[in-house]
Amino acid sequence: MGVVGSLPEEVDVVVIGGGAGGYTAAIRASELGKSVALVEADKLGGSCLNYTCIPTATLINIANKFQYAKGNKDLGITGTPQIDFKKAHEYRMNVSKKLSSGVESLCKLHGIEVFNAMGSFLSSNSLQLSDGVTLNFKKAIISTGTKLAQPEKFKIDGVKVLDHKSTLSLDYIPKSIVIVNDDYAAIEFSSMFAKLGSKVYVISEKGIFSRLDQDLVAIPKKKLADLGVEVYEKDPVKSYSDGKITLESGKEITADIIALSPERVPYTEGLGLENTKVQLNEKGFIKVDSHLQTTDPNIYASGDIVGQPMSATKALRQGVIAGESASGLNSEFDNVAIPETILSDPEIAIVGKLSGDGIKTVKFPFSASGRAIADDATEGFVKIAYDENGVVKGVGIVGENADVAIGEATLGIEMSAMLEDIADTIHPHPTMSEGLEEAAEGALGRPIDFYIAPSH
Amino acid sequence: MEIVKFADVGEGITEGHVQKILVKDGDQVKEDQTLMQVETDKAVVNIPSIKGGTVKVVAKENTDIKVGDILAYVGTPDELKNIPSSAAAQPNAPKAAAAPSKPNEPSVPEAAPKPQAESKPAAPHEGEAHAEILTTPFVRKLAEQLKVDLTKIKGTGPNGRIMEVDVRDAAKEASDVLKKPRHPEILAEKHAEEIEHVPLSPVRKAIAKNMEASWTIPRASHIDLIDATELNRIVSESKDKFMKQFNIKLTFLPILIKATVAALKDNPHFNASYDPVNREILVKHYYNIGLGAETKDGLKVIVVKEADKKSIVQIARDLADLRDKLYANTITLDDMKDSSFTITNAGSLGGGFIGIPMINPPDVAILAFSMMKDMPVAVDGKVEIRKILPFTLTFDHRVVDGAEAVKFGNELKSYIEDPEFLEMGD
Ligand SMILES: Cc1cc2nc3c(=O)[nH]c(=O)nc-3n(C[C@H](O)[C@H](O)[C@H](O)COP(=O)(O)OP(=O)(O)OC[C@H]3O[C@@H](n4cnc5c(N)ncnc54)[C@H](O)[C@@H]3O)c2cc1C
């Protein structure tokens, strides 16, 4: 760690932000022989490990295990489990801690110097840290992610009105909770709290996941209703006061907790970009080219700070590319497809295009899958999309462990796979992954385990 | 509605030039009516309508087209309503024009959680169409490191998928080219203002390609002189009779063709092609004699089919017909293909003593006649002035040897010098 008043330190590459888009860049640059400094104001691992993806996954796991423990009459299991949520919360915090310190020790092993400080550019070659250290660098990578915008109709107080960070850090189960969101939280948080025993309301202004193929969303949405979640779609919040929400329709909702997902806006405040040649686009994200180089030749950027899609999935890959580019390799962010998974019940996983010019789709229903029937998980399907040459263009899966098969689908699309490449690959039996093979066989007009009437 | 495309006419033709459009939008056309004429490197091809109906033309005069391009639509006025205008329907034109200044920008991820405007590259590349490229992540990375532009490569994998070998080949080619500045660049440095850039016409391009292919043939030449005094006499004497009887001008060429066919029959390996893959000679038992003809566009080869079965008169007629078509630009591809042996008559060009021709692939050999001249020759110990016709037989040395060439040459000579053979003509 630097000392106030010391001479500037010289490094090849400095990375600002230790999240998914940052620590990956630091490690790759170090692997390529560069001396690297990583500057992180908060916690290593950034939002994903500490506040978003991982906490969500952890809590959903807890909620699902609790739900299973309640039994299933069809399987002959009954039970009345207890949950000690203080303990659960401790577990959730420890998961993040474990992963964050994992990043720290990786940095150590790679000889990356980590500074726990805010960074601000003095020029295209030097960065001032809030702890007094000045870093002179050859190349810099900006991975500062996003911060949360102030919502319009609510004031976040951290007690009753929460953002997703505090929602995921609750150490008790609220009796009732309102989730105001159209996307992940609308479906992930709602089923999670419902399974834990909260009375859950969802207010979705635009409709839940209106950006996705509704075919995929329908089953998890039905499941929400089964769990007793009350969903209000396209009925925006009119006003809020004293713990009472009034919708445009006149419907009134009161609950212990109001969980918001404020807009995530690019975090460039205090970064000193005015001292560099870095330019922002009209929405405030940093402009980059295919090498993730900004308009300042010494500076690269990766992750949420360069814009949509704002996912850790994308940030993790971009970090690697930015690390390579800043180390002198001619690398480009040229991935054909970025997969996405939603921890709904059942899960949704998507990659590529499911519709468009000349694109056809075929669906394999899990009701025809041996494993799905054995697992009592027959709701859902695999949808495969392909073009007129039989090149696979997209896959959408709803069902148990959807996330597992989507990796294979993504590889297929990256490799420009044809339907035959998937259909003629042996998939282990009995597994959910067979669904992808079956869908490809169906697309080729030769399904085995399900029937498609031949078209005339 | 029918779509009229520039169809694959064979003969390796992949591109053409729209020379003349004979109809306009809204015209009623009949089935098989010629809609336009397309100049290819071999001949002018007439593009017919597939059916009767109203026509909408998308091709433009004086533009280049590729096989598969849409040229016009024929249907009912209703069907034609939604057809895009000419610019939009030319698949090749925009591709070339929009060649990205910096290719391989990150392809816009399709499953992106939200519209991806922000993840597109910075300003200079925005708004450019990103062609879909089938390949694999490994190959993309390799291409990036080797600085190979994937948008410019044709993949050899299934469905045109770009494979590792394609990228390595392209990189090697590029590095060979990059090593030293190309001549045009050196020239441009000093003489930019004084250089005129003349693009090759389709015909010249075809000649260039053909000659490059020809250059790879390991060849040798055999040169000899024919005493054509007798030939000259017979042609001069029969000219008038010929004109009267057959209404055709007798020249040396039909007789030279006849003699050549006779010599080919005795030496069949000269009337052949070579298959380097199977290491075979494909001996042809048909005698289609190609003849090099200079046109305003450049050298073209016309073919007298089945010359062995034709009389001198018939060959003379064929030649006259082919020439007329050639100059009227009505020559068809059929008139120009499928030669088994080629003759070039450089004598008619008005100068030169002896020339060495280039083989016309896939022929094995070519025979060039140079200009007939009066020359002093020793005849029975005395100097006499005779009509001397030099010839060069250039041949693929993989297929035939010098001794066979000499034998061929001697037989050719003996036919042309033999009054009896020559009198055979009717
Ligand atoms: C509720 C929720 C759930 C999500 N779930 C998923 C999921 O399941 N899968 C998925 O792929 N994505 C998910 N996301 C998105 C994901 O969290 C982000 O896309 C990802 O974390 C972005 O990583 P990043 O490195 O770009 O930014 P961050 O992780 O935000 O990292 C930026 C870091 O930079 C630091 N920083 C900022 N400015 C400075 C400075 N000047 N000096 C020093 N340090 C600075 C910050 O402290 C921060 O740690 C979820 C998001 C939300 C809100």
Side-chain angles (χ1 to χ4, degrees), chain A residues 183-184 211-212 266 279 281-295 306-311 313-314 318 321 324 329-340 349-354 356 387 389-391 393-396 406 410-411 413-418 420-421, chain B residues 84 91 100-151 153-164 166-167 171 174:
Chain A
D183 223 78
Y184 282 87
R211 66 183 169 89
L212 294 183
Q279 287 173 14
N281 69 15
E282 62 288 348
K283 290 189 180 142
F285 292 99
I286 292 179
K287 279 191 197 173
V288 286
D289 67 10
S290 59
H291 303 277
L292 301 182
Q293 190 173 35
T294 68
T295 42
V306 304
Q308 297 289 359
M310 292 202 284
S311 68
T313 303
K314 181 208 75 171
Q318 280 192 336
I321 300 299
E324 290 180 356
L329 293 187
N330 189 46
S331 296
E332 292 181 48
F333 180 60
D334 58 8
N335 286 79
V336 176
I338 302 176
E340 184 181 3
I350 322 157
V351 66
K353 276 191 244 198
L354 291 178
D387 71 9
N389 297 318
V391 178
K393 291 286 154 190
V395 171
I406 210 68
T410 310
L411 174 66
I413 292 171
E414 285 289 349
M415 303 285 287
S416 315
M418 323 248 320
E420 285 87 347
D421 292 328
Chain B
S101 53
K102 192 162 187 190
N104 301 341
E105 45 190 85
S107 51
V108 178
E110 301 298 348
K114 279 190 191 151
Q116 312 88 345
E118 297 88 346
S119 70
K120 270 194 194 156
H125 324 302
E126 235 154 352
E128 279 167 358
H130 181 78
E132 220 163 336
I133 297 167
L134 295 188
T135 184
T136 70
F138 167 76
V139 172
R140 268 191 287 272
K141 181 131 208 161
L142 183 72
E144 282 154 16
Q145 303 315 325
L146 297 177
K147 302 217 156 73
V148 168
D149 180 352
L150 288 178
T151 59
I153 304 188
K154 253 212 178 101
T156 57
N159 247 324
R161 199 183 311 208
I162 300 175
M163 315 298 273
E164 176 182 0
D166 302 329
V167 169

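These values consider heavy atoms only, across backbone and side chains, with no hydrogens, waters or symmetry-generated copies. Since the model is a prediction, treat every value here as computed from it, not as a measurement.
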Quiz prompt | Heavy-atom contact with chain B under 4.5 Å, split by part of A:D387 | solution =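 Neither part.
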Quiz prompt | Region of A:E324 that comes under 4.5 Å of a non-hydrogen atom in chain B | solution =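 When you check distances to chain B, only side chain atoms of A:E324 fall under 4.5 Å.
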Quiz item: Under a 4.0 Å N-O cut-off, is there an ion pair linking B:R140 with A:E414?
Solution: yes
Exercise. Search all heavy atoms of B:E144 against all heavy atoms of A:N330 and return the closest pair with its distance.
Key: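 What the structure gives for the nearest pair is O-ND2, 2.5 Å.
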Quiz prompt | B:L134 CG to A:N389 CG distance, which is reported to the nearest 0.5 Å | solution =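 Answer rounded to 0.5 Å: 8.0 Å.
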Quiz prompt | Polar side-chain atom of A:S416 near backbone of B:T135 as donor-acceptor pair, under 3.5 Å | solution = yes
Exercise. Count the heavy atoms of every other residue, nucleotide or ligand shown that sit under 6.0 Å from CE of A:M415, and state whether that count exceeds 12.
Key: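 Incorrect, the count does not exceed 12.
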